[in-house]
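Lettering of chains follows the sequences in order, A, B, ..., and the numbering in each one begins at 1.
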Amino acid sequence: MSKKIATRQAYGDALAEFGSDERIVVLDADLSKSTKTDVFKAKYPERHFNMGIAEGNMMAVAAGLSTCGKIVFASSFAIFASERACEQIRNSICYPKLNVKIGATHAGISVGEDGASHQCSEDIGVMRSMPNMTIICPADAVETRAAVKAAIELNGPVYLRLGRLNVPVIYDEANYKFELGKGVTLREGNDVTIISTGLMTEMALNAHELLKNEGIEARVINIHTIKPIDKEIITKAAKETGALVVAEEHVAYGGLGSAVAEVVVDNYPVPVKMVNMGDRFGKSGVPSELFKMYGLTPENIVSKAKEALEAKKKCCK
Amino acid sequence: MDKCKTDEFKKIAYRIRKHIIEGTFNAGSGHPGGSLSCTDILTVLYFHSMNIDPKNPKAPDRDRFVLSKGHCAPALYGTLAERGFFPKEEIVKLRRIDSYLEGHPCMKSVPGVDMSTGSLAQGFSASVGMALAGKIDKKDYHVYTILGDGELEEGQVWEAAMAAAHFKLNNLIAFVDHNGMQIDGYITEVMSPEPVVGKFKAFGWNVINIDGHDYEQIIDAIEQGKMQKDKPTMIVAETIKGKGVSFMEGQVGWHGKAPDKEQRDKAIAELDEFLAGLEVE
Ligand SMILES: Cc1ncc(C[n+]2csc(CCOP(=O)(O)OP(=O)(O)O)c2C)c(N)n1
C-alpha cells in the first residue's frame with residue numbers, strides 16, 4: 001500500500017515549496033495549524049497574515065491585496081471559506097475576476113467527528129454557480145501540488161477543495177502531468193464509466209477491480225478540475241461506454257454529478273447514476289463509518305454501475 | 001455567599017469537568033480547553049439562575065441558553081446531563097455515529113439544547129432573535145449566551161451587539177469567556193479584539209467585568225443584568241483556559257485536542273481529589 005497524505009498537508013507543503021515567488025501572500029483565519037498554511041508561515045513569516053476568526057473580511061482583504069499585484073491564498077475550513085464568506089467571494093473576487101485562490105480544507109463528510117456544522121458538502125455547487133470561478137478538487141497529494149502550481153500560474157479566482165483525512169497517493173509524482181481543465185483516464189474500459197473527484201477516486205479504482213472480478217470493464221476518469229469541466233472526456237465516455245456513474249463527497253445537488261449531467265444532456269444523453277450523500281446533512285462519527293452510512297463506498301459505486309448498465313440495456317432495446 | 005453553597009457549586013462544576021474529560025477522551029477529539037474555562041458559568045446558569053425544567057425542555061416560557069462558542073459542546077452536554085436532561089451514561093458516546101451527542105450542539109437531537117451552533121458568532125445573533133421574540137410576545141423569560149473571546153473577531157458579533165442595544169433587549173444576558181486564547185495562540189497576538197469591555201460599552205451595553213470562576217460574582221452579575229431597564233448585559237468573565245486540570249491550564253495546545261489514556265487518568269485523578277477534598281471539609 002502506498003503512503004497516505006492529507007491533501008491539506010500537500011497544500012501547505014506546496015505553498016512553502018513555491019512560496020519564493022514574492023507576489024504570493026497567504027492569509028488564514030485562526031486555523032493555520034489545521035489548514036497547514038503554518039508550513040508556509042515557518043518559511044515566509046513576512047508574507048503570512050493571520051486575519052483572526054473573520055472569514056468574510058479575509059476574502060475581501062484578499063481581493064484588495066490582489067488588485068495590488070499579489071497572488072493571494074486565503075485559507076480556512078471549507079465551510080467557512082466557501083459559505084461563510086460566500087457573498088464576499090461572489091462580489092469582491094469573482095465579479096471583478098481577481099487573483100485570489102481559496103484554500104478550502106476540511107471539505108466533505110470525511111471531516112468526521114466535528115459533525116454536520118463543519119462538514120462542508122455543498123461547496124462545489126455553491127462555487128460552481130459563480131461566473132469566473134475555477135474549481136479544483138485534487139484526489140491525492142501529487143495532484144494537490146500540481147493544482148497549487150496551476151493556481152499560481154492562472155490569473156483569476158480558484159477554489160481548491162481539500163481534505164482533512166490522510167488519503168493514499170495514487171499518482172506517480174515523476175510521471176504525472178497535470179493539465180488544468182482536463183480529466184484523467186485512470187483505467188480503460190468500455191462497459192461503463194466511473195467519473196470521480198477527490199477522495200472518491202481511490203474508491204472508484206477499488207470499484208473498478210470489484211467490477212472486473214464480475215467481468216465488467218469499467219473506465220475510471222478522475223476529474224480534478226470541476227470547473228471548467230472537461231466536456232470532451234465526458235462526452236467521449238458517454239459515446240463509448242453508454243453508461244456513467246459519478247462519485248463525489250458532496251450533497252446530491254450542484255456538484256460533480258450535476259456538472260456531468262449537464263454535459264451529457266447537452267451532448268450525448270446516456271443513463272447517469274449518482275453516488276453522493278443525497279439531500280441531507282452529515283453527522284458526527286468516524287469517517288470510515290460515515291462513508292458506509294452515507295453510501296460513499298466502492299460497493300455502492302459497483303451497485304450504481306450495475307444500475308447504469310441495466311438502464312443502458314433498456315435504452316438500447 | 002456561604003461556604004456551603006460555594007461547595008455545592010464546586011461539586012457540580014467539577015463533576016461537569018469530569019464529563020468533559022471523559023467525553024473528549026472517549027471521542028478521541030473535541031475541545032477540552034474552552035469547555036473547562038466556561039464550566040463555572042454554566043454551573044451557575046443551570047443550577048441557580050435559569051428557569052428551566054429538564055422534564056419539559058421545550059416549555060415556551062423557559063429561559064433560553066445558546067452556546068455561541070459551540071465547539072465547547074462537551075461543557076454544555078456535561079451540564080445538561082448533570083441537570084438531568086439526559087442520562088449521564090450518554091457522555092462517553094460523545095461524537096460517535098450511534099449517539100445523539102453531535103460534535104457541536106444540535107437542537108434537533110440533544111434534549112435541552114436551544115440552538116444549533118458551531119459556526120462562531122451565529123449563536124450570538126440567534127440569542128438576539130430569541131430575546132426579540134420575548135419582547136414581541138411580552139414574555140418574561142431571559143436569554144443567556146456564552147461567546148469566546150476569539151469569537152469576538154467575527155464581524156457578525158458586532159452586528160448582533162448593535163442590534164441588541166438598538167432593540168433595547170434588557171432580557172439578553174451574554175458572557176464573554178475571556179480566557180485570552182484562541183486556536184493559533186493568544187488573542188492579542190492573533191487578532192486582538194481588545195479592549196473588550198470598552199467596545200461593548202461603546203456599543204450601548206451594560207458591561208460587567210468579573211472573575212469567571214467566582215460563583216458569587218457570576219450570580220451578582222446576572223442579578224445586575226436582570227435589573228437592567230433598557231440595555232442588554234455583557235458579562236466579561238476573566239477565566240483560565242483548561243481550568244481545573246493542571247496540565248491543561250493556560251495551554252493553547254489544549255484548545256482542540258483530546259487527552260490520551262494516561263492524560264485522562266491524570267486529569268480524572270486530579271478532579272476526583274478535588275471533589276474528595278470538598279467532602280471531608
Ligand atoms: C465561523 C467559524 N470560523 C472558524 C471556526 C473554527 N474554530 C473553532 S474554535 C475556534 C477558536 C475559538 O476561540 P475562542 O472563541 O477564544 O474560544 P475558546 O478559547 O473559549 O475555546 C475556531 C477558529 C468556527 N468554529 N467558526
Side-chain angles (χ1 to χ4, degrees), chain A residues 27-38 41 45 48-61 75-88 106 109 111-120 164 280-294, chain B residues 23-24 26-31 69-71 73 93-110 116-123 147-159 181-193 252-253 255-258:
Chain A
L27 306 183
D28 208 298
D30 194 31
L31 289 167
S32 65
K33 290 176 211 138
S34 298
T35 62
K36 301 298 174 191
T37 67
D38 64 344
K41 185 182 176 181
H48 182 283
F49 296 90
N50 201 327
M51 302 303 294
I53 312 169
E55 299 80 5
N57 180 58
M58 174 172 73
M59 289 305 168
V61 168
S75 277
S76 182
F77 288 172
I79 186 66
F80 310 125
S82 71
E83 296 183 45
R84 181 66 168 242
C86 186
E87 198 253 350
Q88 282 86 350
H106 296 65
I109 200 163
V111 160
E113 294 85 347
D114 264 354
S117 61
H118 284 56
Q119 295 161 344
C120 187
R164 163 179 180 249
R280 53 186 171 156
F281 287 106
K283 80 172 300 306
S284 287
V286 175
S288 58
E289 293 174 353
L290 290 168
F291 288 149
K292 284 198 192 96
M293 180 181 258
Y294 284 82
Chain B
T24 52
N26 280 282
S29 63
H31 301 81
K69 47 172 224 159
H71 57 283
K93 296 194 214 153
L94 178 70
R95 294 180 157 232
R96 257 168 45 183
I97 198 164
D98 57 348
S99 163
Y100 53 75
L101 297 181
E102 290 293 312
H104 290 77
C106 176
M107 66 185 290
K108 289 274 177 212
S109 68
V110 188
S116 298
T117 52
S119 182
L120 293 168
Q122 298 191 26
L147 293 98
D149 48 10
E151 184 177 7
L152 302 181
E153 293 159 8
E154 283 287 358
Q156 184 174 351
V157 165
W158 305 100
E159 297 174 26
M181 293 174 189
Q182 53 191 111
I183 297 181
D184 279 344
Y186 294 99
I187 57 167
T188 47
E189 281 168 21
V190 174
M191 178 59 66
S192 180
V252 169
H255 172 88
K257 191 177 78 171

* Structure fact -> Heaviest contributor of heavy-atom pairs below 4.5 Å to chain A, chosen from B:Ala27, B:Gly150, B:Gly28, is B:Gly150
* Start with the C-alpha gap between A:Asp114 and B:Arg95, add the side-chain angles, then the distance that decides, and say whether side-chain contact (heavy atoms from CB on, under 4.5 Å) holds. => CA-CA 7 Å; A:Asp114 264 354; B:Arg95 294 180 157 232; 2.8 Å; yes
* Given a strict heavy-atom distance threshold of 4.5 Å, which part of A:Asn57 is in contact with chain B: side chain, backbone, both, or neither? -> neither
* To do: Pick one of side chain, backbone, both or neither for B:Ser29, based on which atoms fall under 4.5 Å of a heavy atom in chain A.
  => side chain
* Portion of A:Ser284 that has a non-hydrogen atom of chain B nearer than 4.5 angstrom -> both
* Between A:Asp38, A:Ile79, A:Ile53, A:Asp28, which residue shows the highest count of heavy-atom pairs closer than 4.5 Å to chain B? -> A:Ile53
* Separation between NZ of B:Lys108 and CZ of A:Phe281, rounded to the nearest 0.5 Å -> 11.0 Å
* Asked: Where do A:Gly52 and B:Val190 come nearest, in terms of heavy atoms and distance?
  -> CA-CG1, 4.1 Å
* Does any heavy atom of chain B fall under 4.5 Å from the side chain of A:Leu31, the backbone, both, or neither of them? -> both
* Asked: Do you know which of A:Lys283, A:Glu55, A:Glu289, A:Lys33 has the most heavy-atom pairs under 4.5 Å to chain B?
  -> A:Lys283
* **Most contacts with chain A, counted as non-hydrogen pairs under 4.5 angstrom, among B:Glu151, B:Glu153, B:Gln156, B:Met191** => B:Glu153
* **Proximal component of B:Ser109, with respect to chain A [non-hydrogen, under 4.5 Å]** => neither
* Asked: Side chain, backbone, both or neither: which part of B:Ser116 has a heavy atom under 4.5 Å from chain A?
  -> neither
* Atom CD in B:Glu102, atom NE2 in A:His118: separation rounded to 0.5 Å? -> 12.5 Å
* A:Gly112, A:Ala116, A:Gly285, A:Gly115: which one forms the most heavy-atom pairs within less than 4.5 Å of chain B? -> A:Gly285
* Structure fact -> So, the part of B:His71 with a heavy atom under 4.5 Å from chain A: the answer is neither
